[in-house]
Amino acid sequence: MQEKPDAADLLATARDVVLQELLPALPPEKAIAARMVAAAIALALRQAAAPPLVEADLAALAAEIRAGRHDPGTDSHARVLAFLRDYARARAEVSAPKALG
């Protein structure tokens with residue numbers, strides 16, 4: 001059992017401090033760096049909260065796709081397409097959630 005606050009709570013608090021207290025006090029030329037730190041903390045929080053991605057040999061899958069093994073009309077096309085969509089969405093939810101709308 002972990003004590004509170006846990007690492008996620010501490011990171012969220014640190015992000016709030018950067019954005020609410022430090023950023024307004026910084027000179028304008030340091031604002032981008034502070035926002036970058038806040039964005040990195042937010043990304044770390046999303047990564048920590050995300051479920052693990054399905055383990056797959058993506059290099060082998062890419063080679064199979066290039067070889068035409070999963071082209072439309074093959075038995076595996078729908079399965080591979082669904083996997084790639086789910087994988088891309090899971091990655092985007094962590095790295096670029098705004099891109100998903």
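All heavy atoms count here, side chains included; hydrogens, waters and symmetry mates do not.
Note: R91 CZ to Q47 CD = 9.0 Å, rounded to the nearest 0.5 Å. Expressed to the nearest 0.5 Å, how far CG of L43 lies from CG of L11 amounts to 11.0 Å. Note that the CG atom of L61 and the NE2 atom of H70 stand 5.5 Å from one another [nearest 0.5 Å]. Between the CE atom in M36 and the CD1 atom in I41 there is a gap of 11.5 Å [rounded to 0.5 Å].
Proximity of a side-chain donor or acceptor of R15 to a complementary backbone N or O of A38 within less than 3.5 Å is detected. Remark: side-chain polar atoms of D86 are not paired, donor with acceptor, to backbone N or O of F83 under 3.5 angstrom.
Around the CD1 atom of I32, the shell of radius 6.0 Å holds no more than 12 heavy atoms that belong to other residues, nucleotides or ligands. In D57, the CG atom is crowded: over 12 heavy atoms of neighbouring residues, nucleotides or ligands sit closer than 6.0 Å.
Hydrophobic clustering, with ILVMFWY side chains joined whenever heavy atoms are under 4.5 angstrom apart, keeps V54 apart from L81. Both L58 and L84 are members of a single hydrophobic cluster when ILVMFWY side chains are connected at heavy-atom separations under 4.5 Å.
Considering only heavy atoms from C-beta on, P97 comes within 4.5 Å of R46 through its side chain. Residues L53 and Y87 are in side-chain contact: their nearest non-hydrogen atoms beyond the backbone lie under 4.5 Å apart. Taking 4.5 Å as the limit, every side-chain heavy atom of R69 sits out of range of all side-chain heavy atoms of T74. Looking at H77 and D71, their side chains never come closer than 4.5 Å, going by heavy atoms from C-beta outward. Counting heavy atoms from C-beta outward, V37 and L22 have side chains that stay 4.5 Å or more apart.
Of all heavy-atom pairs between A34 and L23, the closest is CB-CD1, 3.7 Å.
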